[in-house]
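Read through the structure below, which is laid out as structure tokens, and then see the notes.
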Amino acid sequence: MKSLVIVESPTKIKTLKKYLPAEYVIDSSMGHIRDLPANAKEVPKKFKGEEWANLGVNTEKDFEPIYVIPRGKKKVIKRLKKELKNSDELILATDEDREGEAISWHLTELLKPDVPVKRMVFREITEEAIKEALNHFRDIDMNLVNAQEARRIIDRLAGYTISPLLWKKIAPGLSAGRVQSVAVRFMVERERERMKFRSARYWDLKAQLHKENDEYIFDADLTHLDGKRLASGKDFDEHTGKLKKPKKVVLLDDKSASELRDNLDKAEWKVSEVKKNRKKRNPSPAFITSTLQQEANRKLNFSAKRTMGVAQKLYENGYITYMRTDSARLSGQAINAARNAVKDEYGEEYLFDRPRNYGGQKAAQEAHEAIRPAGSYFRKPEEAGLRGDQFKLYDLIWKRTIATQMAKAELEFTNVTIEAKANGKVAEFRTSGKRIVFPGFFRAYVEGSDDPDAALENQEKFLPELKEGEEVVEEGIEPISHETKPPARYTEATLVKELEKRGVGRPSTYASIISTVQNRGYVEAEGKTLVPTFTAFAVTELLEKNLHDLVDSDFTSEMEAKLDKIARGELNTNDYLSEYYKGEKGLKAKVDEQEDEIDPKEARHLDLPLENLNGIKVFVGRYGPYIKKEMNGEELSTSIPDSWKPSDITVEKLEELIKAEQEGPKSIGEHPETGDPIFVLNGRYGPYVQLGEVTEDNKKPERASLLKGMKPGEVDVDLALRLLELPRPLGKHPETDKVVRAGVGRYGPFVVHDGTFASLKKSDSVLDVELDRALELLEQKKNKSSRKSNVIKELGDHPEEGKKVRVMTGRYGPYIKFGKTNISLPDDFDPEDVTMDIAMQLIAEKAK
DNA sequence: CAGTGAGCGAGCTTCCGCTTGACTT
């Protein structure tokens with residue numbers, strides 16, 4: 001009897017083969033195999049023209065979805081169909097979650113098997129788990145499939161109904177969705193907080209103290225003055241920068257802090273209280289997708305995308321378990337392996353007295369276990385034979401997993417209060433010590449730190465043994481100034497953490513959410529931080545005002561609750577979708593109404609959380625953000641510079657822009673001979689320099705673009721003149737006596753002679769290039785063009801395989817041709833610099 | 001080429017969640 005087993009991921013096949021009977025054929029669906037049509041092109045002909053065709057869902061007939069096979073999936077289906085013909089039964093072994101159940105159902109719909117169909121589920125690929133699964137087949141759970149379909153349709157209805165509203169009201173190509181719009185709003189809200197933030201300054205004192213007859217100096221900070229608490233950061237209102245409860249605290253400024261210091265210099269210092277307490281710490285749970293992305297971002301500086309790429313490689317090569325999971329559960333095998341590793345590495349005393357498992361409670365959709373080293377023996381990072389990113393990430397996963405089975409860390413905290421009395425005033429200082437009584441899991445893993453040894457030291461803070469009533473000696477006191485800081489912008493790590501916490505998005509999508517919001521122009525990455533754009537503000541404002549559900553993370557949790565009901569058979573999909581989409585309060589009616597009511601001009605106007613904009617209005621427009629102000633009946637408008645972020649905006653800065661616009665461009669200097677003013681301006685094609693003003697008799701002043709990498713602010717008269725000089729004569733060609741020039745064209749800097757152009761190399765500068773170099777480039781070009789077709793360079797025969805190796809130029813850039821294989825050249829290579837050695841290396845990499 | 005923000009209008013843009021390898025010069 002032959003069985004066809006279908007799983008989701010091809011990488012599972014190899015392992016699964018070990019535990020299934022030999023006559024079983026295993027293949028994979030590679031994820032979903034059918035979906036709603038993505039665009040008009042994918043909609044089947046017979047539905048075109050229907051009002052709902054673009055949605056791919058028949059909103060007029062029970063929300064019947066149209067399913068199509070995406071382009072790339074046809075091949076998979078063909079192969080599966082062929083294999084099914086030779087099988088006596090079909091076993092569907094897709095993941096045990098909502099999406100997996102749906103994939104199984106789509107498979108039966110598409111393959112139309114006439115042999116028995118069985119549904120098989122397992123959570124780990126071990127012998128026992130597979131045996132167990134083979135003995136407990138079940139049927140496809142149609143309720144669960146319905147829940148997935150409802151989820152899919154809700155997302156489609158929301159996304160494809162609301163996005164077009166944004167195209168009409170704000171800008172074409174924008175998008176809205178249950179997940180992305182919430183993510184964008186998080187960032188916009190944080191940016192608003194930053195705009196409203198008013199910083200505050202306060203002072204305290206730091207005293208350097210030591211015991212008598214002991215040289216060790218420790219610091220203590222002033223906390224109370226005559227029994228009243230000293231103001232610190234949390235006492236200030238974020239939006240006003242003022243104290244929340246001024247009567248409850250003492251606020252020191254520059255002057256009063258210095259005075260107090262002088263006063264206390266003659267004081268008596270005495271320990272008034274010593275408190276000790278011990279605390280135990282538990283290790284963090286094993287990694288799930290979101291925590292792995294966060295920690296890799298913090299410790300290794302990886303983006304979410306990079307982390308997932310590296311994890312995928314580790315998974316494929318059998319180093320770790322599946323990397324897209326929301327369960328921190330460890331299998332019995334994993335716990336054993338981790339405990340063995342702890343014993344080996346750190347000894348019995350570091351082992352927790354019993355197996356520890358965090359994933360016991362039910363996660364949202366538990367199809368996989370935690371991300372951990374694969375197998376029943378955890379290879380040590382050093383012996384795994386990994387390099388680079390893969391080593392770093394495996395090391396992180398290994399340590400985190402091991403730590404879960406390690407003993408608790410025990411810390412001892414000492415809090416000491418010291419009183420200083422002078423001139424009838426009592427100042428209270430505090431200091432604290434921290435000692436690791438037993439490091440426990442700290443030995444392997446400290447969250448947020450990449451070096452456990454260094455982190456261990458940071459965890460400790462030494463304090464000499466002090467007794468109540470003991471006198472101490474003061475060595476110096478200094479006033480310290482502090483400033484309150486605005487809330488930090490999101491990073492990839494903190495955004496993923498927030499999304500995960502609110503149940504928005506799935507492990508397989510965290511990384512792509514970040515790309516989506518960037519691609520739509522809602523967010524720009526600035527180093528590690530994610531900065532929302534002005535467009536993000538406009539879109540979020542529109543959604544908050546008119547379609548509040550969509551930007552509320554509760555929408556997802558409410559949806560999940562309904563989907564759970566559908567999955568339990570307590571709610572009908574059609575009822576749920578009708579309620580959401582149809583009727584007076586439904587989405588359709590709401591969007592239709594807003595299409596009439598929202599004024600595009602008003603939608604593009606930003607309602608920034610700034611007080612008194614002094615009549616200045618901020619808009620997003622076709623060419624980016626701009627401002628408008630009415631002055632003396634005249635409307636002045638000007639762009640906001642590209643580099644500005646929303647939270648950079650202050651009324652003062654906007655006034656400056658308006659003033660600059662009123663005064664017109666300022667020249668950077670004058671032409672040394674003619675005396676004409678020189679301007680650096682910004683145009684449609686980027687920054688440029690201009691000689692002279694635009695007047696009636698000088699309609700086309702001389703202009704020249706800045707070269708790549710030049711900064712407008714750094715251009716002086718000398719540089720401007722050299723730019724205006726282009727194309728620049730370099731001298732005469734020794735053979736033809738014709739002039740050779742250097743200039744900049746559409747495809748970059750070039751030299752030209754007698755109608756023949758040659759591009760400059762990256763290392764050449766068009767401002768400095770000399771005649772000799774130009775002749776050299778022209779000569780190379782001449783040789784090249786005499787050669788046939790698109791060959792840039794012949795490298796000769798491959799020393800091992802004998803076939804010819806050439807560097808070619810193609811439609812998508814330069815590539816290496818080797819027999820029938822083509823390898824495109826990585827961006828950082830100059831085709832001219834490619835040698836046989838480099839080519840061989842690239843060929844070898846490709847073969848791998 | 002060169003600071004804009006008005007309007008004309010065919011056909012297009014867009015969602016979330018599973019999953020990798022196949023492109024083309």
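Within every chain, numbering begins at 1; the chains are lettered A, B, ... in the order of the sequence lines, protein sequences first and strands thereafter.
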I need the [atom1]-[atom2] distance between [X] and [N], as an integer number of Å.
X: A:D549; N: B:dC15; atom1: CG; atom2: P; result: 19 Å
X: A:Q690; N: B:dG3; atom1: CD; atom2: P; result: 9 Å
X: A:M30; N: B:dT20; atom1: CE; atom2: P; result: 8 Å
X: A:L165; N: B:dC15; atom1: CG; atom2: P; result: 15 Å
X: A:L691; N: B:dA2; atom1: CG; atom2: C1'; result: 15 Å

Neighbours of DNA chain B within residues 68-80 of chain A, by heavy-atom distance under 4.0 Å: none

Between [Y] and [X], do the side chains contain a donor N or O and an acceptor N or O under 3.5 Å apart?
X: A:T11; Y: A:S9; answer: yes
X: A:T573; Y: A:E149; answer: no
X: A:S104; Y: A:T94; answer: yes

For the pair [X] (side chain) and [Y] (backbone), establish whether a donor and an acceptor sit closer than 3.5 Å, ignoring hydrogens and angles.
X: A:K562; Y: A:Y576; answer: no
X: A:E42; Y: A:A38; answer: yes
X: A:E101; Y: A:D141; answer: yes
X: A:S181; Y: A:R178; answer: no
X: A:R34; Y: A:V68; answer: no

Euclidean distance for P, B:dT24 against B:dT20 (whole angstrom): 23 Å

Bracket notation of DNA chain B in which parentheses pair within the strand, [ ] cross earlier pairs, and | pairs with another strand (Watson-Crick or G-U, under 3.5 Å): .........................

Decide yes or no, distance alone: a donor-acceptor N/O pair under 3.5 angstrom between the base of [N] and the side-chain of [X].
X: A:S639; N: B:dG5; answer: yes
X: A:R506; N: B:dC16; answer: no
X: A:R703; N: B:dC1; answer: no

Close aromatic pair by centroid cut-off 6.0 Å: A:F63 and A:Y580: no

Distance flag, aromatic centroids of A:W52 and A:F47, threshold under 6.0 Å: yes

Under 3.5 Å, which protein N or O atoms sit close to an N or O of nucleotides 6-13 of chain B? Give each pair with its distance.
unit_1	atom_1	unit_2	atom_2	d
B:dT13	O2	A:G173	N	2.8

Presence of salt bridge, A:E560 and A:R98, under 4.0 angstrom: yes

Given B:dC18, B:dC15, B:dG17, the nucleotide with the shortest approach to the side chain of A:R151: B:dG17

Selected nucleotide, minimal atom distance to A:E8 side chain, candidates B:dG17, B:dC18, B:dT4: B:dC18

Contact nearer the 5' end of DNA chain B, comparing A:I103 with A:P164: A:P164

Closest-nucleotide 5' rank along DNA chain B - winner of A:P507 and A:T516: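 The residue whose closest nucleotide sits nearer the 5' end is A:T516.
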
Aromatic-base stack, A:Y160 on B:dC15, cutoff 5.5 Å, angle under 30: no

Geometric cation-pi criterion A:R520 and A:Y522, 6.0 Å radius, 45° cone: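 No; the conditions do not both hold, so A:R520 does not lie above the ring face of A:Y522.
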
